[in-house]
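Scroll down for the structure; my scribbles are underneath it.
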Number of protein chains: 2
Amino acid sequence: MTPETLERSSKWLARANLRPTRQRLSLATLLVGDGQHRHVTAEGLHAASVAAGDKVSLATVYNTLRAFCEAGLIKEVTVDGTRSYFDTRTDDHPHFYYEEDGTLVDANAAQMKIAALPTPPTGYEVAKVDVVVRLRKRD
Amino acid sequence: MTPETLERSSKWLARANLRPTRQRLSLATLLVGDGQHRHVTAEGLHAASVAAGDKVSLATVYNTLRAFCEAGLIKEVTVDGTRSYFDTRTDDHPHFYYEEDGTLVDANAAQMKIAALPTPPTGYEVAKVDVVVRLRKRD
DNA sequence: GTATATGCAAACCGTTTGCATGGCT
DNA sequence: AGCCATGCAAACGGTTTGCATATAC
């Protein structure tokens, strides 16, 4: 791990006033260590941390992902009823979901033009707009 | 129940070559008996069937909703990781999701203009585009 | 008569929680 | 020292499944 990787992860945690514990640093590094955006599931992130040689319990992965979420560092994306996905990019943007293997990736937001949004009922405001483009293999 | 209600439900099942059992007719009637579109959860539909005096087991509600889905009579909508929603309207259209109570309703599709969609990667085609506008109470 | 649908209860699986231990400041 | 994070295992809740019974055709 390069020094920049560690520093980026530390600052990311510091930004949200989260104590830089070994486990959080490990997960933060896996999430944003290289400055790229990522979409992970709890199981997937846990597997990655084990593969990286860091010992983090599955429960801690869940608790930590939730903590990151509440701190606004990541966002949950609902695309599959059976799994939760977390996105390191926190602004509203469209996603591609590969039905074949359950992979989630960012779609090019610039290509997505929502000219008009349905008017929210009175008394309500838009919290978030989720756009998921589900993809299947072309035959 | 009016005769039209029963006939509509029967034809709806017949359209998909599904045997008109008592349970299926009951659920079909609750879903499309009045010709309106509906968004239900398995638990909600089960409660409705019990309230209507029809005895249908929860397992059968699940199996039946799945069967209706596979037959193309309804579509599953993923908006909440903890529950599955089913929509009697089967074309792509935007939804309003009330975070406060988990209600799902159709948004006015005419007001929703997607001028451009992100280009799918080569080898893949768009299976479905889910648009969920999450609403929160305005303070 | 044969294939299929139903009901029950148990299994399932991702996620959450209680509580004792350990680490950060 | 005090508060907070971690880990384990048990609990949880929605959904699925195996199997015996009942129903449609």
Side-chain angles (χ1 to χ4, degrees), chain A residues 6 9-14 16-30 39-50 52-71 73-74 76-86 102 104, chain B residues 6 9-30 39-50 52-71 73-86 102 104:
Chain A
L6 183 59
S9 307
S10 304
K11 285 197 171 163
W12 194 67
L13 290 177
N17 291 314
L18 289 171
R19 291 182 179 174
T21 66
R22 179 179 62 75
Q23 292 86 338
R24 284 177 180 172
L25 265 173
S26 162
L27 298 180
T29 298
L30 291 167
H39 303 82
V40 303
T41 61
E43 295 272 1
L45 184 59
H46 182 243
S49 82
V50 168
D54 299 323
K55 293 164 224 354
V56 184
S57 82
L58 185 54
T60 295
V61 172
Y62 275 106
N63 293 337
T64 302
L65 282 173
R66 169 160 317 265
F68 287 178
C69 247
E70 279 164 10
L73 292 174
I74 61 179
E76 189 169 359
V77 186
T78 303
V79 283
D80 175 331
T82 69
R83 259 186 290 261
S84 290
Y85 287 79
F86 297 89
L104 187 70
Chain B
L6 183 59
S9 307
S10 304
K11 285 196 171 161
W12 193 67
L13 290 178
R15 216 169 81 202
N17 291 314
L18 290 171
R19 292 182 179 176
T21 66
R22 180 179 61 76
Q23 292 86 338
R24 283 177 179 172
L25 264 172
S26 162
L27 299 179
T29 298
L30 290 167
H39 303 82
V40 303
T41 60
E43 295 272 2
L45 184 58
H46 182 243
S49 82
V50 169
D54 298 322
K55 295 165 223 354
V56 184
S57 81
L58 185 54
T60 296
V61 172
Y62 276 107
N63 292 337
T64 302
L65 281 173
R66 169 164 313 270
F68 287 178
C69 247
E70 279 165 10
L73 291 175
I74 60 178
K75 277 221 173 159
E76 189 169 358
V77 186
T78 303
V79 283
D80 175 329
T82 70
R83 259 187 290 261
S84 290
Y85 287 80
F86 298 88
L104 187 70

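On a predicted model such as this, the values are computed, not experimentally measured, just so you know. Note: hydrogens, waters and symmetry copies are ignored here, and every other heavy atom, side chains too, is used. Labels below follow one simple rule: chain letters A, B, ... track the order of the sequence lines, proteins then strands, and each chain is numbered from 1.
Within a heavy-atom distance below 4.0 Å of DNA chain D, the residues of residues 12-20 of chain B found are R19(B), P20(B).
Residue K55(B) contributes atom NZ, which lies 17 Å from atom C1' of dT23(D) at whole-angstrom precision. In this structure, NE2 of H46(A) is placed 17 Å from P of dC13(C), rounded to the nearest angstrom. One interatomic measurement links the two molecules: CG of L65(A) to P of dA5(D), which rounds to 15 Å at whole-angstrom precision. The distance from atom CD of E70(B) to atom P of dT4(C) is 14 Å, rounded to the nearest whole Å. Distance CD (Q23(A)) to P (dC4(D)): 17 Å, rounded to an integer number of Å.
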Can you check each nucleotide of nucleotides 12-18 of chain D against protein heavy atoms at under 4.0 Å and return B for base, S for sugar-phosphate only, - for none, in 5' to 3' order? --SBBB-

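A donor-acceptor pair under 3.5 Å is formed between the side chain of T29(B) and the backbone N or O of L25(B). A donor-acceptor pair is defined here as one N or O able to donate and one able to accept, closer than 3.5 Å; no such pair exists between the side chain of H46(A) and the backbone of S57(A).
Each of R22(B) and V61(A) was matched to the nucleotide of DNA chain D holding its nearest heavy atom; the match closer to the 5' end belongs to V61(A).
The shortest distance between the side-chain N/O atoms of S57(B) and the OP1/OP2 oxygens of dT6(C) is not below 4.0 Å.
One finds the NZ atom of K55(A) at 14.0 Å from the OG1 atom of T60(A) (value rounded to the nearest 0.5 Å).
The side chain of T21(A) lies closest to dT6(D), out of dT6(D), dG7(D), dG7(C).
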